[in-house]
Amino acid sequence: MLLMLEIFDKRNLRQLAVFALFTAYCAGLVALRMIWTGKLTFGFLVWNLFLAWLPIIFSSITQVLHKQKMLALAALSLVPWLLFLPNAPYILTDLVHLRPRAGVPYWYDILLIASFAFNGLLLGFFSLAQVHDVLVQRLRPAYAWGLVVLFSIASSYGIYLGRVLRWNSWDILRHPLRIALDSLRPFVHPMAHKEAVVMTIVLTGFMLGGYLVMRASASRVDQNRD
């Protein structure tokens with residue numbers, strides 16, 4: 001109970017409330033489209049956005065455990081965090097479903113998917129920032145940034161596993177051997193898996209670039225407050 005109270009303290013609650021409002025807006029766009037067309041098209045985005053919330057829940061738990069000096073548990077909580085982290089930026093790849101459809105303006109579907117993708121990216125970046133802040137308190141800044149880069153690479157590769165190979169985060173518990181084999185193949189034969197290599201590199205650059213912009217913007221806001 002104390003852990004939950006710490007997670008939903010005044011500061012975290014304010015931040016999570018903003019994301020919750022944006023999430024409600026996204027869900028409202030899907031609901032309006034369903035009422036408009038009578039079809040369940042894009043209903044899966046609501047589930048994907050729910051999964052995008054999991055990293056920020058785990059990173060908030062990591063922060064609280066670290067604050068309470070429960071370092072072993074804090075480190076352990078990074079395992080499910082990293083496992084679910086790809087779900088946040090993954091929604092960006094749902095743009096592959098974008099095409100003109102009868103019964104609804106094309107601009108509406110563009111705005112709908114873009115809203116979900118933007119929300120997912122924000123959740124992912126904020127979650128990464130929470131973990132980064134914990135790492136900075138325990139490690140040298142260069143080492144903390146090095147881990148951020150590794151997390152971004154792992155997350156980008158996770159998006160490839162999800163979008164191209166159609167694996168889910170929880171499949172690691174159901175089919176660990178098959179996932180391990182699929183994950184290792186691009187490392188053993190990179191030239192035979194060019195899409196995996198290129199997609200991981202491009203997504204890593206995108207994630208790191210977006211994260212740096214977010215950190216720079218947050219830093220500027222803090223300076224203006226001072």
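Hydrogens, waters and symmetry mates play no part in the numbers below; they use all other heavy atoms, side chains included. Numbers here simply count residues along the sequence, with the first being 1.
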Nearest-0.5 Å distance, [atom1] of residue [X] to [atom2] of residue [Y]:
| X | Y | atom1 | atom2 | result |
| --- | --- | --- | --- | --- |
| R185 | L165 | CZ | CG | 9.0 Å |
| Q15 | L122 | CD | CG | 12.5 Å |
| N168 | L173 | CG | CG | 11.5 Å |
| R178 | W167 | CZ | CH2 | 4.0 Å |
| I56 | W53 | CD1 | CH2 | 6.0 Å |
| L76 | M70 | CG | CE | 11.0 Å |

Exercise. Is it true that atom OH of Y143 has more than 12 heavy atoms of other residues, nucleotides or ligands lying nearer than 6.0 Å?
Worked result: no
Exercise. Take atom CG in L208; do more than 12 heavy atoms of anything else shown fall under 6.0 Å from it?
Worked result: yes
For this session: Give the intermediate values and the outcome of side chain to side chain contact (heavy atoms under 4.5 Å, CB included) for residues V104 and K39.
Result: CA-CA 11 Å; V104 65; K39 299 179 180 179; over 6 Å; no
Problem set entry | W47-F44 aromatic ring centre distance below 6.0 Å | no
Seminar exercise, completed: The salt bridge (Lys or Arg N to Asp or Glu O under 4.0 Å) partners of R101 (sequence neighbours excluded) come to none
For this session: With sequence neighbours left out, write down each residue that passes salt bridge (Lys or Arg N to Asp or Glu O under 4.0 Å) with R99, or none if nothing qualifies.
Result: none
Please report the closest heavy-atom contact between [X] and [Y], naming both atoms and the distance.
| X | Y | answer |
| --- | --- | --- |
| M214 | A129 | CE-CB, 3.7 Å |
| V131 | S59 | CG2-CB, 3.8 Å |
| G103 | W36 | O-NE1, 3.6 Å |
| C26 | L49 | CB-CD2, 4.0 Å |
| G43 | M34 | CA-CE, 3.6 Å |

Could you pull out every donor-acceptor pair under 3.5 Å between side chains of residues 111-120 and any protein atom, sequence neighbours left out?
unit_1 : atom_1 : unit_2 : atom_2 : d
S115   : OG     : L111   : O      : 2.7
N119   : ND2    : T23    : OG1    : 3.3

Exercise. What's the verdict on side chain to side chain contact (heavy atoms under 4.5 Å, CB included) for L21 and Y25, showing C-alpha distance, side-chain angles and the deciding distance?
Worked result: CA-CA 6 Å; L21 286 174; Y25 168 76; over 6 Å; no
Common cluster, [X]/[Y], ILVMFWY with side-chain heavy-atom separation under 4.5 Å:
| X | Y | answer |
| --- | --- | --- |
| L181 | V188 | no |
| V213 | L92 | no |
| L71 | L73 | no |
| F58 | L78 | yes |
| V136 | L139 | no |

For this session: Quick one: list whatever passes side-chain contact (heavy atoms from CB on, under 4.5 Å) with L150, sequence neighbours left out.
Result: L147
Table please: side-chain donor-acceptor pairs of residues 195-205 below 3.5 Å, with sequence neighbours left out.
unit_1 : atom_1 : unit_2 : atom_2 : d
T200   : OG1    : A196   : O      : 2.7
T204   : OG1    : S156   : OG     : 3.2
T204   : OG1    : T200   : O      : 2.6

Residues that [X] engages under ring-ring contact (aromatic ring centres under 6.0 Å, His included), provided they are two or more places apart:
| X | value |
| --- | --- |
| F19 | F126 |
| W145 | H132, Y211 |
| F42 | none |
| Y90 | none |

Seminar exercise, completed: Applied to residues 26-35, the side-chain hydrogen bond (donor to acceptor under 3.5 Å, both in side chains) test, sequence neighbours excluded, yields R33-D109
For this session: Please assess Y108 against L29 for the test side chain to side chain contact (heavy atoms under 4.5 Å, CB included), listing each intermediate value before the final yes or no.
Result: CA-CA 9 Å; Y108 188 91; L29 289 177; 3.7 Å; yes
For this session: Check for a donor-acceptor pair, side chain of S155 on one end and backbone N or O of F151 on the other, with a separation under 3.5 Å.
Result: no
Problem set entry | Name of the residue among Q130, Q68, Q137 meeting side-chain hydrogen bond (donor to acceptor under 3.5 Å, both in side chains) with Q63 | Q130
For this session: Check the pair L161, S183 against side chain to side chain contact (heavy atoms under 4.5 Å, CB included), reporting the backbone distance first and the verdict last.
Result: CA-CA 8 Å; L161 294 175; S183 300; 3.5 Å; yes
Problem set entry | Close side-chain approach of L51 and W170, heavy atoms under 4.5 Å | yes
Exercise. Going by heavy atoms in the side chains, are P186 and Y157 under 4.5 Å from each other?
Worked result: yes
Show every donor-acceptor pair shorter than 3.5 Å between a side-chain atom in residues 81-88 and any protein atom, with sequence neighbours excluded, or say none if there are none.
unit_1 : atom_1 : unit_2 : atom_2 : d
W81    : NE1    : S127   : OG     : 2.6
N87    : ND2    : F84    : O      : 3.1
N87    : ND2    : S169   : OG     : 2.8

Problem set entry | Pairs involving residues 153-176, ordered by first then second residue, that meet salt bridge (Lys or Arg N to Asp or Glu O under 4.0 Å) (sequence neighbours left out) | D94-R163, D171-R174
